[in-house]
2 protein chains.
Amino acid sequence: MANADTSQRILDIAERLVQTRGFNGFSYADIAAALNVTKASLHYHFPAKADLGQQLIERYERNFLAALQRIDEESKDARAKLRRYAALYREVLDNNRMCLCGMLAAEFATLPKSMREDVRHFFDANERWLAAVLQEGKRDRSLRFSGPAAQVAQTLLGGLEGAMMIARSYGDVARFEATCDRLLDDLES
Amino acid sequence: MANADTSQRILDIAERLVQTRGFNGFSYADIAAALNVTKASLHYHFPAKADLGQQLIERYERNFLAALQRIDEESKDARAKLRRYAALYREVLDNNRMCLCGMLAAEFATLPKSMREDVRHFFDANERWLAAVLQEGKRDRSLRFSGPAAQVAQTLLGGLEGAMMIARSYGDVARFEATCDRLLDDLES
DNA sequence: GTCTATAGGTGGATAGAC
DNA sequence: GTCTATCCACCTATAGAC
């Protein structure tokens with residue numbers, strides 16, 4: 001059976017590489033060098049690059065959803081939840097990374113089908129969570145917006161992903177934070 | 001001297017490839033196949049891929065700025081200008097493409113230095129134009145917003161780029177338009 | 001300007017020893 | 001599980017004939 005720890009370490013390195021360079025911007029050789037193993041042994045854990053990519057997204061989504069659940073449990077209202085959601089993105093950017101799925105969305109046309117479906121699944125899950133929080137915010141009066149919550153959720157997701165991508169081009173986290181504040185202030189007014 | 005027409009046709013193909021697949025997602029072989037020439041003859045026009053990439057961005061920005069100037073000349077007020085600005089993005093998406101520089105922003109870490117600078121230059125030019133239009137909208141009362149125009153401009157640019165990228169993953173232009181409307185309605189209220 | 005031919009490197013992936 | 005060795009396809013790029 002595959003050593004779970006080794007697989008996880010491979011995924012850790014690969015995740016960083018995809019988030020910084022993109023799925024088409026790294027190779028098995030890069031991971032091998034970082035882990036001091038041969039390319040061949042990577043193929044034992046992930047036979048094809050598409051397998052590696054798919055497991056990357058699925059692990060990323062599991063971890064992300066776990067973080068969202070912690071936010072649900074620990075936040076006092078919907079407004080606080082949104083602020084912590086945005087903070088998740090900022091933490092990624094702090095490490096000079098792009099959201100894994102935001103990066104893959106750019107490369108979408110070149111991805112194997114299984115990865116495409118997983119990317120969309122991640123976005124869907126994010127939007128569902130955001131829409132639920134927005135609805136909750138309307139009830140508890142901590143948030144204010146017009147139109148369907150699902151549409152606000154899409155705008156928020158796109159706004160954060162886009163701001164992240166551009167801010168990374170400038171190596172300027174403050175830039176991301178400013179956009180973040182604008183997007184959220186708007187819902188809190 | 002290089003045949004200008006051939007160079008332009010090469011750039012046309014390359015532009016489409018970058019906008020759909022990314023700079024690391026295509027090769028000289030792809031262009032050669034589309035144009036029915038050999039890879040070697042492409043190197044006559046663009047010795048290295050970095051040269052091709054740089055000229056791609058610079059031509060893209062020239063064309064984009066020309067479009068912005070037409071908008072300036074033909075629009076009745078700032079509000080109309082913003083709507084036409086957003087329409088530029090939608091037209092790109094209609095062709096199943098991503099904004100050239102939005103795509104390159106994702107691959108930023110893997111780009112040659114000259115291309116990085118050009119990508120940022122494109123964003124800078126966009127933000128300057130947007131900020132000027134926003135200021136104008138404040139004067140002519142066709143737009144309403146709080147805080148610095150430059151910050152609203154950044155939020156708008158990021159919002160459009162992000163919405164574009166995600167909408168393309170779903171092959172759903174309507175999704176982009178909905179986000180667009182939300183972003184702009186907000187400034188017109 | 002475009003071609004043939006090729007160099008020199010790297011990509012993902014596999015076979016089989018240990 | 002990891003290794004050596006290797007395959008083959010593809011990559012960017014160049015030399016030199018036409």
Side-chain angles (χ1 to χ4, degrees), chain A residues 1-57 103-104 106-116 118, chain B residues 1-18 20-57 103-104 106-107 109-116 118:
Chain A
M1 174 188 156
N3 183 330
D5 191 57
T6 301
S7 290
Q8 291 305 310
R9 263 183 305 170
I10 293 170
L11 288 173
D12 288 340
I13 304 288
E15 186 174 87
R16 176 176 54 78
L17 286 167
V18 174
Q19 289 187 266
T20 49
R21 305 178 54 88
F23 191 69
N24 298 322
F26 82 100
S27 72
Y28 272 41
D30 296 320
I31 306 177
L35 277 181
N36 249 304
V37 295
T38 59
K39 288 187 293 169
S41 91
L42 298 178
H43 281 284
Y44 168 80
H45 297 276
F46 304 96
K49 203 183 179 188
D51 301 322
L52 173 58
Q54 211 184 331
Q55 293 204 39
L56 263 182
I57 308 173
M103 185 65 92
L104 295 175
E107 299 177 290
F108 201 78
T110 70
L111 300 180
K113 199 170 160 195
S114 59
M115 287 181 67
R116 294 190 201 182
D118 283 349
Chain B
M1 175 189 158
N3 183 329
D5 191 57
T6 301
S7 290
Q8 291 305 309
R9 263 183 304 169
I10 293 170
L11 288 173
D12 289 340
I13 305 289
E15 186 174 88
R16 177 175 53 79
L17 287 167
V18 175
T20 50
R21 305 178 54 87
F23 192 70
N24 297 322
F26 82 101
S27 73
Y28 272 40
D30 296 320
I31 305 177
L35 277 181
N36 247 304
V37 294
T38 60
K39 290 185 287 169
S41 93
L42 299 177
H43 281 285
Y44 169 80
H45 296 276
F46 304 95
K49 204 184 178 187
D51 301 321
L52 174 58
Q54 210 184 330
Q55 293 205 40
L56 263 183
I57 308 174
M103 185 63 92
L104 294 175
E107 299 177 290
T110 70
L111 299 180
K113 198 170 161 196
S114 58
M115 287 181 66
R116 294 190 202 182
D118 283 349

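- Look at OH on B:Tyr28: it is 16 Å from C1' on D:dC10, rounded to the nearest Å.
- Near DNA chain C, meaning a heavy atom under 4.0 Å from it, residues 10-27 of chain A has A:Phe26, A:Ser27 in order of number.
- Listed nucleotides D:dC3, C:dT2, D:dT14 differ in distance to A:Thr38; the shortest reach to its side chain belongs to D:dC3.
- Side-chain atoms of B:Lys39 never come within 3.5 Å of backbone atoms of B:Ala33 as a donor-acceptor pair (strictly under, hydrogens ignored).
- When each of D:dT4, D:dT12, C:dG12 is scored by its nearest atom to the side-chain atoms of B:Lys39, the top-ranked nucleotide is D:dT12.
- Distance, A:Tyr44 OH to C:dG16 C1': 15 Å, rounded to whole Å.
- Note on A:Thr6: a side-chain N or O is less than 4.0 Å away from OP1 or OP2 of D:dT2.
- Annotation: side chain of B:Leu52 is in contact with side chain of B:Ile31 (closest heavy-atom distance under 4.5 Å).
- For B:Ala48, taking side-chain heavy atoms from C-beta onward, the closest of the listed nucleotides D:dA13, D:dC3, C:dT2 is D:dA13.
- Nucleotide C:dG11 holds its P atom 9 Å from the NZ atom of A:Lys49, rounded to whole Å.
- Look at B:Asp12 and B:Arg16 and you find no salt bridge, because none of the NZ, NE, NH1 or NH2 atoms lies under 4.0 Å from a carboxylate O.
- Separating the CD1 atom of B:Ile31 from the P atom of D:dC10 is a distance of 17 Å, rounded to the nearest angstrom.
- C:dG12 atom P lies 17 Å from atom NE2 of A:His45, rounded to whole Å.
- Under the 3.5 Å distance criterion, the side-chain polar atoms of B:Glu107 are matched with a main-chain donor or acceptor of B:Asn24.
- One can place CG of A:Leu35 at 15 Å from C1' of D:dC3, the figure rounded to the nearest angstrom.
- Rounded to an integer number of Å, the gap from CG of B:Asp51 to C1' of D:dT12 is 12 Å.
- With D:dC3, C:dC3, C:dG11 as the candidates, the nucleotide lying closest to the side chain of B:Val37 is C:dC3.
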Working note: A:Phe108 + A:Met115, criterion side-chain contact (heavy atoms from CB on, under 4.5 Å); need CA distance, chi angles, decisive distance, verdict. CA-CA 9 Å; A:Phe108 201 78; A:Met115 287 181 67; over 6 Å; no
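- Proximity note for B:Ser41 (side chain, C-beta onward) versus D:dC11, C:dG11, C:dC3: the nearest is C:dC3.
- Judged by distance alone, the side chain of B:Arg116 and the main-chain N or O of B:Leu111 form a donor-acceptor pair under 3.5 Å.
- As a whole-Å value, the separation of B:Asn36 CG from C:dC3 P is 9 Å.
- The backbone N or O of B:Ser41 lies less than 3.5 Å from no partner atom in the side chain of B:Tyr28, so there is not a single donor-acceptor pair.
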